[in-house]
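The structure appears right after this line, and notes come after that.
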Amino acid sequence: MALARVNRLSFSYPEAATAALEQVSLDLNRGEIVLLLGVSGSGKSTLLRALSGLVPHFHGGRFSGSVTVAGRDTRETPPAALAGCVATLFQDPEDQIIFDSVANEVAFGPENLGAGAEQALERGRKALAAVGAEHLIDRATRELSGGELQRVCLASALALEPELLVLDEPTSQLDPDGAEAFLALVERLARERGTAVVLSEQRPSLPLAICERVIFLRDGRLVFDAPREQALEWLELEEPGFSRALEPAGERTGGAGEVVCALSSLTYAYHPGEPVLEDASLEIRRGEIVGLAGPNGCGKTTLAKLACGLLDVQEGSVELHGRAGYLSQDPGRYVVCERAEDEVALGIGGDLPAARRRLGELGLGGCERRHPRDLSSGERERLGLAAVLAIEPDLLVLDEPTRGVDPERKRELTELLRKHAAERATLLVTHDIAFAAAVCDRVVTLPAARELGRV
């Protein structure tokens with residue numbers, strides 16, 4: 001018997017003009033790893049929320065059909081009652097954190113399931129170790145990098161020891177080694193514990209190697225559901241963006257111009273005696289795209305913020321010639337307007353025609369009057385990019401710009417950045433190796449800030 005069953009599920013968010021899901025049916029079996037694919041806005045996150053009971057209990061909206069997990073109908077069982085059976089990692093780990101300390105965060109779930117304080121903390125500690133983050137247990141959550149925060153949320157989900165593990169973009173902010181190690185752990189959970197796993201990913205190469213089955217959503221409808229080998233053939237024919245990597249960039253023929261930003265001997269610490277950057281130096285010239293890589297927590301975002309003037313220099317110097325624009329790891333958290341076009345126009349004196357052009361360039365034509373909170377995570381990422389590009393910065397800093405972005409939109413972003421590269425200097429913080437190879441002129445790695453050379 002299936003652990004989870006979705007039967008003719010249709011769902012629309014409150015006041016939405018179109019359905020997020022239409023007539024979706026599928027079964028999930030114990031010990032099975034299922035990869036959920038689809039472009040941004042296709043309904044993937046909504047389906048995952050339905051498996052955890054958040055749809056409809058948290059979001060409201062119009063719900064028809066049924067979702068049953070471990071024999072419990074989610075229409076009649078609130079998410080809290082499913083917590084011992086289902087564990088969920090959301091797209092935005094920043095919105096999932098409850099406590100200020102990592103130790104309390106990872107122990108919270110087991111304590112709510114009846115574990116004693118010591119047992120709950122031990123389960124949390126083991127889960128942190130499993131995701132390579134045991135060293136974070138005494139840290140404050142507010143001090144963590146995006147990748148470190150994602151590891152803590154992964155550990156919190158694993159500490160529940162669920163029957164069904166629901167993962168929405170679980171490796172989006174993990175460095176390559178961390179992503180590979182985490183998916184190996186997911187595979188062991190399925191094989192050894194019989195945990196059913198359903199995960200959504202926009203970087204599908206690693207999960208395609210461990211899943212048994214692939215589901216593809218398009219416009220809220222399930223258009224494909226088959227074993228992996230059959231799925232690989234179907235993707236190659238119908239959705240090649242999900243089965244083929246971005247093409248590496250060829251040798252650049254144009255030269256770089258004047259220095260736009262010069263970072264010299266930067267050392268920065270959030271706490272005295274604990275620097276996250278040490279003696280880091282970098283020059284970024286107009287006309288070039290520079291990638292910034294390195295493991296989670298090595299100071300990439302800190303360096304990016306220093307370059308833009310968002311942090312005050314402690315040691316060393318920053319010279320910036322012109323205006324800087326910064327796209328954060330989670331731009332959806334900084335939305336202030338109620339319509340997408342107003343959000344983009346905010347920094348350019350309310351110029352709506354220019355804002356609409358920017359939205360169109362990023363595949364958001366038709367979304368001009370939508371509320372930013374109603375957009376998918378990938379769509380909000382592109383909205384944030386449109387707002388930053390609209391001010392025409394001399395230095396463009398993008399922090400994980402492909403998080404939640406589907407392969408086709410990633411190709412469009414590559415083309416857009418390369419097309420306009422001569423107009424500015426661009427610093428790209430990313431764990432997306434294929435994207436960096438396709439778009440960057442050179443890649444620098446931290447913590448040593450050692451230049452890896454042209455990719």
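Fair warning: this is a prediction, and the values are worked out from it, not measured in the lab. Count residues from 1 along the sequence. Heavy atoms only: backbone and side chains are in, while hydrogens, waters and symmetry mates are out.
Considering CD1 of I98 and OG1 of T141, their distance stands at 10.5 Å, rounded to 0.5 Å. Taking CZ of R285 as the start and CG of D441 as the end, the distance is 12.5 Å to the nearest 0.5 Å. Annotation: the span from L311 atom CG to Y268 atom OH amounts to 4.0 Å, rounded to 0.5 Å. To the nearest 0.5 Å, atom OG of residue S40 and atom CZ of residue R409 are 7.5 Å apart. Of the inter-residue distances, the one linking F435 atom CZ with R411 atom CZ reads 12.0 Å to the nearest 0.5 angstrom. To the nearest 0.5 Å, atom CG of residue L144 and atom CZ of residue R139 are 5.0 Å apart.
Applying the side chain to side chain donor-acceptor pair (under 3.5 Å) criterion to S101, with sequence neighbours excluded, gives N104. Remark: Q202 engages no residue in a side chain to side chain donor-acceptor pair (under 3.5 Å) (not counting sequence neighbours). Looking at residues two or more places apart in sequence or on another chain, you find no side chain to side chain donor-acceptor pair (under 3.5 Å) involving N29.
Considering only heavy atoms from C-beta on, L303 comes within 4.5 Å of L427 through its side chain. No side-chain heavy atom of L37 sits under 4.5 Å from any side-chain heavy atom of I215. Looking only at side-chain heavy atoms (C-beta outward), L277 and L306 come within less than 4.5 Å of each other. At least one side-chain heavy atom of R424 sits under 4.5 Å from a side-chain heavy atom of L389. Side-chain contact between T402 and L413 is present, with heavy atoms from C-beta onward closer than 4.5 Å. With contacts defined as side-chain heavy-atom distances shorter than 4.5 Å, the pair L113/F108 does not qualify. For the pair L51/L82, no side-chain contact is recorded, criterion being any heavy-atom separation below 4.5 Å from C-beta on.
Considering all non-hydrogen atoms of both residues, C85 and A70 come closest at SG-CB, 3.6 Å. The shortest non-hydrogen separation linking A307 to L395 is O-CD2, 3.9 Å. Nearest heavy-atom pair across E283 and A262 is CG-CB, 4.3 Å. Scanning all heavy atoms of the two residues, the minimum distance from L320 to C261 falls at CD1-CB, 4.3 Å. Shortest non-hydrogen contact noted between P393 and V388 is CD-O, 3.5 Å. A340 and C367 get closest at one heavy-atom pair: CB-O, 3.3 Å.
The number of heavy atoms from other shown groups lying within 6.0 Å of OH (Y270) is above 12. Few gaps surround CD on E236; more than 12 heavy atoms of other groups in view lie less than 6.0 Å from it. Atom CD of E392 sits in a sparse spot, with 12 or fewer heavy atoms from other residues, nucleotides or ligands closer than 6.0 Å.
E400 and R403 are not joined by a salt bridge, as no carboxylate oxygen comes within less than 4.0 angstrom of a charged side-chain nitrogen. Salt bridge K410/E412: absent, no basic N to carboxylate O contact under 4.0 Å. No salt bridge links D394 with R323; every basic N to acidic carboxylate O contact stays at or beyond 4.0 Å.
A donor and an acceptor atom, one from each side chain of D399 and T301, are located under 3.5 Å apart. A donor-acceptor pair shorter than 3.5 Å cannot be found between the side chains of D279 and T267.
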Worksheet item: Could you go step by step and tell me if E288 and T426 meet the side-chain hydrogen bond (donor to acceptor under 3.5 Å, both in side chains) rule?
Response: CA-CA 6 Å; E288 69 172 351; T426 303; over 6 Å; no
Discussion item. For a side-chain contact (heavy atoms from CB on, under 4.5 Å) check, start with the C-alpha distance between L217 and L36, then their side-chain angles and the critical distance, and finish with the verdict.
Written reply: CA-CA 8 Å; L217 290 180; L36 178 61; 4.0 Å; yes
Practice prompt. Quick one: do I33 and V198 satisfy side-chain contact (heavy atoms from CB on, under 4.5 Å)? Show the steps, please.
Written response: CA-CA 6 Å; I33 301 174; V198 56; over 6 Å; no
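In terms of modelled atom types and a separation under 3.5 Å, the side chain of T74 and the main chain of V67 share a donor-acceptor contact. A donor-acceptor contact shorter than 3.5 Å links the side chain of E201 to the backbone of T171. Counting only distance, with no hydrogens or angles, the side chain of S281 and the backbone of S265 share a donor-acceptor pair below 3.5 Å. The closest donor-acceptor contact from the side chain of E343 to the backbone of V335 lies at 3.5 Å or more, if one exists at all.
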Side-chain donor-acceptor distances from residues 290-299 under 3.5 Å, at least two apart:
{"residue": "N296", "atom": "OD1", "partner": "R151", "partner atom": "NE", "Å": "3.3"}
{"residue": "N296", "atom": "OD1", "partner": "R151", "partner atom": "NH2", "Å": "3.2"}
{"residue": "N296", "atom": "OD1", "partner": "D175", "partner atom": "N", "Å": "3.3"}
{"residue": "N296", "atom": "ND2", "partner": "Q173", "partner atom": "O", "Å": "2.8"}
{"residue": "N296", "atom": "ND2", "partner": "H431", "partner atom": "NE2", "Å": "3.0"}

For residues 152-166, run the donor-acceptor check on the side chains, cut-off 3.5 Å, and write out each pair with its distance to 0.1 Å, sequence neighbours left out.
{"residue": "S156", "atom": "OG", "partner": "V152", "partner atom": "O", "Å": "3.0"}
{"residue": "E163", "atom": "OE1", "partner": "R30", "partner atom": "NH1", "Å": "2.7"}
{"residue": "E163", "atom": "OE1", "partner": "R30", "partner atom": "NH2", "Å": "3.2"}

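Pairs of residues two or more places apart, or lying in two chains, that qualify as salt bridge (charged side-chain N to carboxylate O under 4.0 Å, His left out) and include a residue from residues 211-230 are E22-R221, E32-R213, R191-E212, R213-D225, R218-E239.
Ring geometry for Y13 against H59 counts as perpendicular: the plane angle is over 60°, on a 0 to 90° scale with 30° as the lower cut.
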